[in-house]
Amino acid sequence: MMAVRVRIAPSPTGYLHVGTARTALYNYLFARKNNGKFILRIEDTDVERSSKEMTDIIIEGLKWLKLDYDEGPFFQSDYFSHYIDHIERLQKTGGIYRCFCTPEELEERKRKAISEKRAWKYDRKCLNLSQEEIEKNLKENKPFVWRVFIPEGKTGFNDLIHGLIEKDNSEIEDFIIIRSDKTPVYNFAVVIDDYRMGITHVIRGDDHISNTFKQLHIYRLLGVKPPEFAHLPLILDEKRAKLSKRSGTVSVLSFKDMGILPEAFINFIGLIGWSPGDNREILSLQEMIKLFSFDKVAKKGGVFDYKKLEWMNSKYITNSTNEKLYELLVPFYLKENIDLKEYPKEKILKIIESVKEKARYLKDFPFLTQFFFKDIENYDKKGIEKYFTSEKIGYLKDLTKKIQNIKDFNSFEIEKVYKEYIDEKNIKGADVIHPTRLALSGRTEGPSLFLMMEIFGKEESVRRLTRIFEFDIFTKQNDGGIV
RNA sequence: GUCUCCAUCGUCCAGUGGUUAGGACACAGCUCUUUCAAGGCUGCGACACGGGUUCAACUCCCGUUGGAGACGCCA
């Protein structure tokens with residue numbers, strides 16, 4: 001079998017689309033599985049809408065997902081002359097012809113056809129222009145485009161995912177391959193590029209099926225064997241329409257900004273439209289490579305379910321080492337004006353450990369652990385009423401004294417002291433645990449209490465507890481909240 | 001509108017002629033517990049419809065319906 005060569009061919013739109021990322025992933029999986037090459041090609045034939053910056057963003061997105069490409073990036077705009085070169089060759093086949101119709105004329109005829117309820121297709125007005133007419137137009141410098149003549153018959157191909165797909169040629173219009181400004185139109189550029197680059201398998205979205213018929217005619221005229229095609233089902237939004245800007249977040253990098261882990265994202269999009277065949281949910285890139293095959297790819301479009309992504313991401317977070325999370329978290333804390341590097345790393349690792357099972361996104365961490373870094377500004381109002389009763393404050397005063405005598409201030413020892421006190425007073429653990437948590441964090445929920453105290457250390461724990469006593473305001477008559 | 005593609009729980013996937021139609025997310029309840037989350041358990045919940053083929057159809061065929069995509073001198 002010929003060495004596999006596949007490509008991802010995004011157009012530089014300013015971001016890497018989720019759908020493009022999934023297409024890239026499947027191309028990547030197929031290439032790696034078959035020891036082939038995965039190539040990046042930027043489709044920037046629409047020069048006006050393309051720029052270097054936009055290209056960089058796409059590359060950054062692929063890099064984040066670790067979908068490394070073997071060749072490229074190549075730019076279609078670098079090959080403008082190549083496309084024109086092929087025109088001469090095609091012209092000799094008689095399969096293409098000049099069309100002098102202006103966009104305005106076309107628009108007019110199209111509108112008329114539609115108003116008469118006729119399906120519009122280019123009417124071949126310029127197909128049978130005499131040689132004299134052509135010469136005359138050329139001499140007058142009339143702009144023209146090149147169109148492909150579609151003969152009678154049927155066009156079909158054996159799709160790797162869908163099987164045979166065909167269409168009657170009467171449904172395909174004589175489409176344009178070269179614009180009046182001599183630049184190639186997408187359908188032409190793709191074929192020439194794929195041919196030149198020796199692409200063996202074109203793996204792309206389902207929305208390209210109708211283009212495939214046209215492209216097949218270019219291959220025919222070129223006298224070149226077309227590559228294999230695999231048309232992936234689309235990723236849909238909750239309304240089951242093609243996922244687009246209108247659907248919400250479609251930029252891959254914005255998922256990075258939210259604190260989705262790239263591994264989670266890859267795992268998640270990989271499973272929209274493909275499954276390993278069993279009921280596994282958590283898969284690494286390596287496992288996907290091993291298991292990938294087109295007959296496991298679905299034909300049906302799949303909805304992008306944010307809730308499931310969220311769940312999967314939380315899985316990946318809890319399964320990540322604290323060290324890894326530490327590195328990833330630095331920028332997220334910086335956004336909240338907390339520089340992790342200023343603190344002892346050991347302490348930060350413990351803090352991460354204490355909440356990582358609760359976090360769904362990396363961006364959750366700063367909020368979840370805020371109190372470790374800052375003094376409490378507001379104590380939970382309901383918590384004050386419930387836990388800062390004079391009776392419970394009394395317990396805290398006792399406990400504060402007791403914990404000061406702990407030599408090795410770790411969660412185990414602290415818990416021991418609390419247990420003893422609970423037994424001694426014959427009260428419930430909750431009677432002292434919740435008030436302590438509120439005093440330390442200002443919140444009624446949070447990490448395991450004794451671990452929290454260990455992280456704070458004796459001095460800070462005592463300080464925070466003592467602070468409560470200084471304000472004699474946590475009784476019913478108070479409206480709550482220290483500011 | 002025309003053409004093309006598609007059709008299993010709300011969602012993502014298993015299923016490839018004979019199953020009590022399975023898992024995951026979500027949702028609900030219970031449990032655990034030091035709160036929250038996580039975890040464990042349970043529940044809710046689907047083969048779009050109509051014809052065939054067959055001893056037997058979720059599975060194969062044909063229609064219907066529904067949904068999506070494409071119909072640019074965009075990609």
Side-chain angles (χ1 to χ4, degrees), chain A residues 9-13 43-46 48-50 76 99 101-103 106-107 110 114 117-121 143-147 159 161-162 165-168 170-173 175-187 189-190 205-213 231 233-234 236 238-242 268 271-282 295-296 298-312 314-315 318 355-360 364 368 383 387 415 418 428-430 432-434 436-438 441 443-452:
Chain A
S11 54
T13 45
E43 312 260 294
D44 60 347
T45 43
D46 187 0
E48 281 179 25
R49 287 204 256 159
S50 308
Q76 286 191 325
C99 169
C101 299
T102 66
L106 257 16
E107 182 57 34
K110 181 177 176 180
I114 289 171
K117 282 186 174 169
R118 293 194 332 263
W120 165 258
K121 204 174 67 170
F144 66 88
V145 299
W146 284 100
R147 287 184 185 270
D159 191 272
I161 292 167
H162 295 274
I165 300 180
E166 37 169 25
K167 179 181 257 195
D168 197 281
S170 63
E171 299 293 339
I172 307 170
E173 80 168 347
F175 61 102
I176 296 169
I177 55 174
I178 296 285
R179 302 186 184 98
S180 49
D181 65 358
K182 308 296 179 207
T183 60
V185 166
Y186 168 77
N187 274 318
V190 199
D206 223 320
D207 48 347
H208 280 284
I209 289 178
S210 53
N211 284 324
T212 308
F213 298 111
H231 286 97
L234 298 178
L236 279 19
E238 45 290 324
K239 288 177 183 155
R240 299 205 76 86
K242 183 160 99 167
F268 175 69
L271 257 23
I272 304 178
W274 174 80
S275 89
D278 53 27
N279 284 326
R280 258 186 291 182
E281 300 286 343
I282 303 295
D295 48 57
K296 289 292 178 190
K299 295 186 178 118
K300 190 174 54 156
V303 174
F304 189 94
D305 183 354
Y306 288 85
K307 281 277 174 56
K308 189 157 184 179
L309 205 212
E310 210 173 83
W311 165 79
M312 199 169 270
S314 69
K315 279 278 195 190
T318 57
V355 296
K356 72 175 183 183
E357 287 191 351
K358 301 177 207 293
R360 301 185 81 78
D364 294 343
L368 253 18
Y387 303 128
E415 184 166 3
Y418 268 69
K428 282 185 292 182
V432 291
I433 285 168
H434 297 311
T436 308
R437 173 177 290 105
L438 185 62
S441 70
R443 300 188 191 172
T444 55
E445 34 64 45
S448 166
L449 179 69
F450 303 116
L451 176 62
M452 220 166 96

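Lettering of chains follows the sequences in order, A, B, ..., and the numbering in each one begins at 1. As the structure is a computational prediction, the values presented were derived from the model and not from experiment.
- Contact annotation: A:H162 side-chain N/O to B:C6 OP1/OP2 distance is under 4.0 Å.
- Judged by distance alone, the side chain of A:R280 and the main-chain N or O of A:S275 form no donor-acceptor pair under 3.5 Å.
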| Which parts of nucleotides 30-41 of chain B does protein reach within less than 4.0 Å, heavy atoms only, written one letter per nucleotide 5' to 3' as B for base, S for sugar-phosphate only and - for none? | ----BBBBSS--
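- Residue A:K167 has its side chain nearest to B:C3 when only B:C3, B:G72, B:G10 are considered.
- Side-chain contact check for A:I161 versus A:H231: every heavy-atom pair is 4.5 Å or farther apart.
- Among B:A75, B:C12, B:U2, the nucleotide with an atom closest to any side-chain atom of A:S11 is B:A75.
- For A:K110, the side-chain contact (heavy atoms from CB on, under 4.5 Å) partners two or more places apart in sequence, or in a different chain, are A:I114, A:W120.
- Using a 4.5 Å heavy-atom cutoff, the side chains of A:H434 and A:K428 are not in contact.
- Under 3.5 Å, the side chains of A:Y418 and A:T436 contain a donor-acceptor pair of N or O atoms.
- Across all strands shown, A:G273 has heavy atoms under 4.0 Å from sugar-phosphate atoms exclusively, and none from any base.
- Nucleotides B:U11 and B:A26 place their C1' atoms 8 Å apart, quoted to the nearest Å.
- Here B:C3 is the nucleotide among B:G69, B:C5, B:C3 with the atom lying nearest to any side-chain atom of A:E171.
- For A:S275, taking side-chain heavy atoms from C-beta onward, the closest of the listed nucleotides B:C12, B:C13, B:G72 is B:C13.
- Nearest to the side chain of A:Y186, among B:A75, B:C12, B:U4, sits B:A75.
- Nucleotides B:G10 and B:U53 have their P atoms positioned 32 Å apart, rounded to a whole Å.
- Residue A:F268 is tested with A:Y306, A:F304, A:W311 for a ring pair (Phe, Tyr, Trp, His ring centres under 6.0 Å); the sole match is A:F304.
- The side chain of A:E281 approaches B:A24 more closely than any other nucleotide in the set B:A24, B:A75, B:G69.
- Under 3.5 Å, the side chain of A:D206 and the base of B:A70 form no donor-acceptor pair of N or O atoms.
- One donor-acceptor pair, N or O on each side, does fall under 3.5 Å between the base of B:G22 and the side chain of A:N279.
- A sub-4.0 Å separation between OP1 or OP2 of B:U16 and a side-chain N or O of A:K296 is absent.
- For the OP1/OP2 pair of B:U4 and a distance below 4.0 Å, the side-chain nitrogens and oxygens of A:S210 include no atom meeting the criterion.
- Under the side-chain contact (heavy atoms from CB on, under 4.5 Å) criterion, A:E445 pairs with A:R443, not counting sequence neighbours.
- In summary, A:K307 and A:E238 do not engage in a salt bridge, as defined by a charged side-chain N under 4.0 Å from a carboxylate O.
- Comparing A:F144 and A:P233 along RNA chain B, the residue whose closest nucleotide (by nearest heavy atom) sits nearer the 5' end is A:P233.
- Side-chain to base pairing of A:S180 with B:C73: one donor and one acceptor N or O lie within less than 3.5 Å of each other.
- A sub-4.0 Å separation between OP1 or OP2 of B:U8 and a side-chain N or O of A:K300 is present.
- Checking B:C25, B:G69, B:C73 against the side-chain heavy atoms of A:V145 singles out B:C73 as nearest.
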